[in-house]
Amino acid sequence: MRYSKLLIPTLKEDPAEAEVVSHKFMLRAGMIRKLAAGIYTYLPLGYRVIRKVENIIREEMDRAGAQELLMPAVQPATLWQESGRWEHYGRELLRFKDRKDTDFCIGPTHEEIITDLVRMNVRSYRELPINLYQIQTKFRDEIRPRFGLMRGREFIMKDAYSFDRDEAGVDESYQKMYKAYCRIFERCGLKFRAVEADTGTIGGSFSHEFMVMADTGEDTIACCDTCSYAANTERAEIREAKTPASPGPEAALEEIATPGRKSVEDVAVFLHVPPERLIKTLIVMDGKGHAAAALVRGDHELNEIKLKNHLGWASIEMADEETVRKVTGGPSGFSGPVGLKGIPVVADPAVKSISNAVAGANRQDMHLCNVNVPRDFRPDEFKDIRIVKDGDGCPRCSGTLHLSRGIEVGHVFKLGTKYSESMGATFLDEDGKSKPMIMGCYGIGVGRTAAAAIEQNNDQNGICWPLPIAPFSVLVLPLNVKSEEVRGAAEKIYEELNSSGIDTLLDDRDERAGFKFKDADLIGIPLRVVIGDKGLKDGIVEIKERKSGEVTKVPLANATESILKMIRK
Ligand code: 9G3
């Protein structure tokens, strides 16, 4: 392709609305343009990257035995009513009526649609397992779309759905997808980790997220420095610390006035005790009238997802003032475990080893000192309900967990029978017995994968594309197109590369060298061949690697051969 013919509207300045590097460079490199909040046009350069990511995904999904199909973006409400999700989702689900006043939505995902398709077309155990996938545009009406393609409202997703006859089957399908995902992200040239993740509200029993390591990632993951354990902090477990052999003598319980001191920090300072001597008591509720008390050490944070899953609640939130007063007898900010009754009390194990703790007295402006377990209170149970911290013990080995940030580009779920039961996707086994199919679902954010690649491969001048997903592999850059010799050499190399099957961009514009170099750095083509009069006098051209900046001078005659060697290494 010739640069002068392509629509690549590069920008000199950082657009104000771009908060992360991938958003900034996708706009500046002329890859995307915003149409509306969270809705983007992929311009030619950007769409070439999207297509490369899609093709890698296709090859690996097909290799894993999945079959590609394409489902509609417009989905009838009736199927969402069958699965019970029509009422469950709020305004994130974009709904509308057609001319006959029938309810539809723009698909944010396709569990209902694929389950309907399979329940009508798959009947026997002989047809299982089956894995169907699509690469298709989704819509999720995020309240705050931002970061360009990283958190858009309309986005391209590869979503796959597997159907098996039993647990062993879905485990096999899950493993096949897990391995395919590892190959996909390796082939995209990304540094990634698969981490254990929460299954969220879609049900199912197990899931892994594929995280591209990047400081701008919105997710935090905990990785062990010794074994392969890695988990999203929403789910990461913690090895229980050994309680001190003989905690100090238990002093007598006493009430103490702490006027207006509610937060851990204020109470700790006021009473001259370190935060780890406090018991933080949080009253939570599920919005259906259930309440519970969660106890964590003063310097720890409650992990609401762990607690919600442990309590088996569908949702969880901090109790409102009225509920706090009802269940503790006192105002919020002064809640404590002593004397609590009528609600389940779940304590993080770290609470066990606090001797002579400080806790709320369940009375306005009052705290208790020298609270000891089990003398002064007994929680219903001890359970890991806190958010992991850097340096915590690994739950699988004697190693240490370290936190880092990641961008979720893929998510694989063991779904179970949530949809096959509610929608009657059953099969007949060898004995003619009807059973619900066991499902798995597997997603990859295509645009987000491209954006994550930029987050992980850039410098102050622009993008440094990994070769497999670069919009072009080679940029042929003649410095002075007015010179017949320079232009001739550039055309020759360009033709040779194209006929060798290398997607090559020729910057044939009549512009100053500096102008062309700025664009070349910005759009980030991995290899650049610079052809200038000076070089040609010595019979050489320069090959420059965008990522390393390394320059190799090669004789004009074997420039193409040298480039092919660098690309195919
Ligand atoms: C909705 C809306 C947003 C949603 C969902 C439904 C996320 C929803 C979870 C999934 C699970 C998997 C198949 C591919 C991989 C992910 N956001 N999820 O179900 F109605 Cl508005 O999408 N689906």
Side-chain angles (χ1 to χ4, degrees), residues 38 54 57 61 64 66 68-96 103-118 131-145 150-163 170 173-174 176-178 180-181 184-185 194-195 197-211 218-219 232 234 305 314-315 408-416 418-420 422-423 425 439-449:
E54 289 180 350
I57 289 172
M61 290 300 292
E68 186 170 9
L69 48 68
L70 182 62
M71 290 178 265
V74 171
Q75 301 186 6
T78 46
L79 292 178
W80 285 73
Q81 286 151 354
E82 268 196 69
S83 69
R85 295 212 292 175
W86 186 253
E87 300 313 325
H88 176 84
Y89 282 93
R91 307 187 58 190
E92 195 188 356
L93 181 61
L94 184 61
R95 308 159 199 253
F96 64 98
D103 286 319
F104 288 88
C105 68
I106 303 284
T109 183
H110 281 67
E111 278 81 2
E112 282 80 0
I113 311 306
I114 196 71
T115 305
D116 174 54
L117 181 82
V118 166
N131 181 330
L132 300 162
Y133 79 95
Q134 63 175 351
I135 299 179
Q136 197 251 18
T137 297
K138 304 280 188 258
F139 194 90
R140 293 177 185 177
D141 205 351
E142 301 269 353
I143 296 178
R144 273 196 67 209
M150 288 250 273
R151 180 166 290 281
R153 290 195 290 167
E154 181 180 286
F155 56 98
I156 299 171
M157 183 201 277
K158 185 284 298 173
D159 46 322
Y161 305 85
S162 64
F163 297 81
V170 67
S173 297
Y174 189 92
K176 269 187 193 162
M177 288 290 97
Y178 186 100
Y181 275 47
I184 287 166
F185 297 118
V195 304
D198 190 51
T199 52
T201 56
I202 67 155
S205 54
F206 205 62
S207 88
H208 281 85
E209 283 165 341
F210 283 76
M211 296 286 187
E218 287 187 292
D219 290 83
N232 189 312
E234 287 174 351
I305 292 177
S315 66
E408 179 196 337
V409 290
H411 201 159
V412 293
F413 294 79
K414 252 166 69 177
L415 260 186
K418 172 181 163 78
Y419 297 93
S420 50
S422 59
M423 298 179 68
M439 291 174 65
C441 62
Y442 318 90
I444 291 179
V446 176
R448 191 180 268 188
T449 298

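Whatever order the structure lists them in is the order used to number ligands and atoms, beginning at 1. Predicted, not measured: the structure shown is a model, and the values here were computed from it.
Not one N or O of Asp159 is nearer than 3.5 Å to an N or O of ligand 1, by distance alone.
Interatomic distance, Asn131 CG to Met439 CE, rounded to the nearest 0.5 Å: 10.5 Å. For the atom pair Cys105 SG and Asp141 CG, the distance stands at 12.0 Å (nearest 0.5 Å). To the nearest 0.5 Å, the span separating CH2 on Trp80 from CZ on Arg95 amounts to 8.5 Å. Separation of atoms NZ (Lys138) and NZ (Lys158) is listed at 10.0 Å; rounding is to 0.5 Å.
Remark: ligand 1 atoms within the under-4.0 Å shell around heavy atoms of Leu93 are 20 (F), 21 (Cl). Close approach of ligand 1 to Arg85 is summarised as follows: ligand atoms under 4.0 Å from at least one heavy atom of the residue are 6 (C), 8 (C), 19 (O). Below 4.0 Å from some heavy atom of Gly443 lie the following atoms of ligand 1, by number and element: 14 (C), 15 (C). Close contacts of ligand 1 with Tyr161, meaning ligand atoms under 4.0 Å from a residue heavy atom, involve 13 (C). The ligand atoms of ligand 1 that sit less than 4.0 angstrom from a heavy atom of Thr109 are 6 (C), 8 (C), 13 (C), 19 (O), 22 (O), 23 (N). Heavy-atom contacts of Trp80 reach the following atoms of ligand 1: 20 (F) (cutoff under 4.0 Å). For ligand 1, the atoms lying closer than 4.0 Å to a non-hydrogen atom of Glu92 are 3 (C), 21 (Cl).
Relative ring orientation between Tyr174 and His208 is described as tilted, the plane-to-plane angle lying within the 30° to 60° band.
The side chain to side chain donor-acceptor pair (under 3.5 Å) test with Tyr419 is passed by exactly one of Glu112, Glu82, Arg85: Arg85.
For Leu70, the CG atom sits in a packed shell: over 12 heavy atoms of surrounding residues, nucleotides or ligands are nearer than 6.0 Å.
The side chain of Glu111, and not its backbone, has at least one atom closer than 4.0 Å to an atom of ligand 1 (non-hydrogen atoms only; side chain from C-beta on). With a heavy-atom cut-off of 4.0 Å, Arg140 touches ligand 1 through its side chain alone.
Nearest to atom 16 (C) of ligand 1 by heavy atom, out of Phe413, Tyr442, Tyr133, is Phe413. Among Tyr89, Phe139, Trp86, the residue whose heavy atom sits closest to atom 8 (C) of ligand 1 is Tyr89.
Scanning both residues, Ala194 and Phe210, for their nearest heavy atoms gives CB-CE2, 3.7 Å.
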